[in-house]
Amino acid sequence: MNVLSQTGWFLVVLVRGLLLWVLIPFAFLAWLLVHSWAQRVSRRQALCWYDGHLTRGLANGPFRLMIAPSIGTSGGFRGWRRSSPGRPVSSGWVRSTSSRWCDGGAGRIPS
């Protein structure tokens with residue numbers, strides 16, 4: 001990892017820390033109004049989902065060229081793949097870069 005990439009990740013963490021002050025109340029309200037009754041997910045799952053998308057949005061958006069200048073505009077997307085049978089997803093297709101840390105062990109992903 002070069003100095004530019006380290007600086008980019010440091011800025012992602014710094015901006016993410018500031019944006020979490022807005023994201024956590026928003027995620028709680030979204031969970032209270034939508035996710036808790038419509039999708040039956042826990043607060044942890046909803047917050048993890050919003051946090052993961054915020055981090056990916058920062059890394060693939062404004063800081064993309066600092067983090068991985070050799071990737072350019074691809075953003076690490078390797079195409080679509082069929083989801084596994086034990087992991088229900090509404091459409092059955094997931095991005096190949098999706099992470100499982102937000103799952104919370106329940107096997108459901110808020111959409």
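These numbers come from a predicted model, not from an experiment.
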message: If you define the side chain from C-beta out and look only at heavy atoms, does anything of Tyr50 sit under 4.5 Å from His35?
response: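 Yes. Closest side-chain heavy atoms under 4.5 Å.
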- request: Taking the side chain as every heavy atom from C-beta outward, state whether Val15 and Phe63 have any atom pair closer than 4.5 Å.
  value: yes
query: Do Val13 and Met66 belong to the same hydrophobic cluster, where Ile, Leu, Val, Met, Phe, Trp and Tyr are linked whenever their side-chain heavy atoms lie under 4.5 Å apart, directly or via other members?
result: no
message: If hydrophobic clusters are built by linking Ile, Leu, Val, Met, Phe, Trp and Tyr wherever their side-chain heavy atoms come under 4.5 Å apart, do Val34 and Trp49 end up in the same one?
response: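 No, because Val34 and Trp49 fall into different hydrophobic clusters, even though each may have its own neighbours under 4.5 Å.
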Between atom [atom1] of [X] and atom [atom2] of [Y], what is the distance when rounded to the nearest 0.5 Å?
X	Y	atom1	atom2	result
Asp51	Arg56	CG	CZ	9.0 Å
Arg16	Trp9	CZ	CH2	10.5 Å
Leu14	Leu19	CG	CG	10.0 Å
Phe28	Leu33	CZ	CG	9.0 Å
Leu23	Leu18	CG	CG	12.5 Å
Thr55	Asn60	OG1	CG	10.5 Å

For the student: nearest non-hydrogen atoms of [X] and [Y], plus distance:
X	Y	result
Val41	Ala46	CG2-CB, 4.5 Å
Leu47	Ala27	CD1-CB, 3.9 Å
Gly57	Pro62	O-CD, 3.6 Å
Ser5	Ile67	OG-O, 2.9 Å

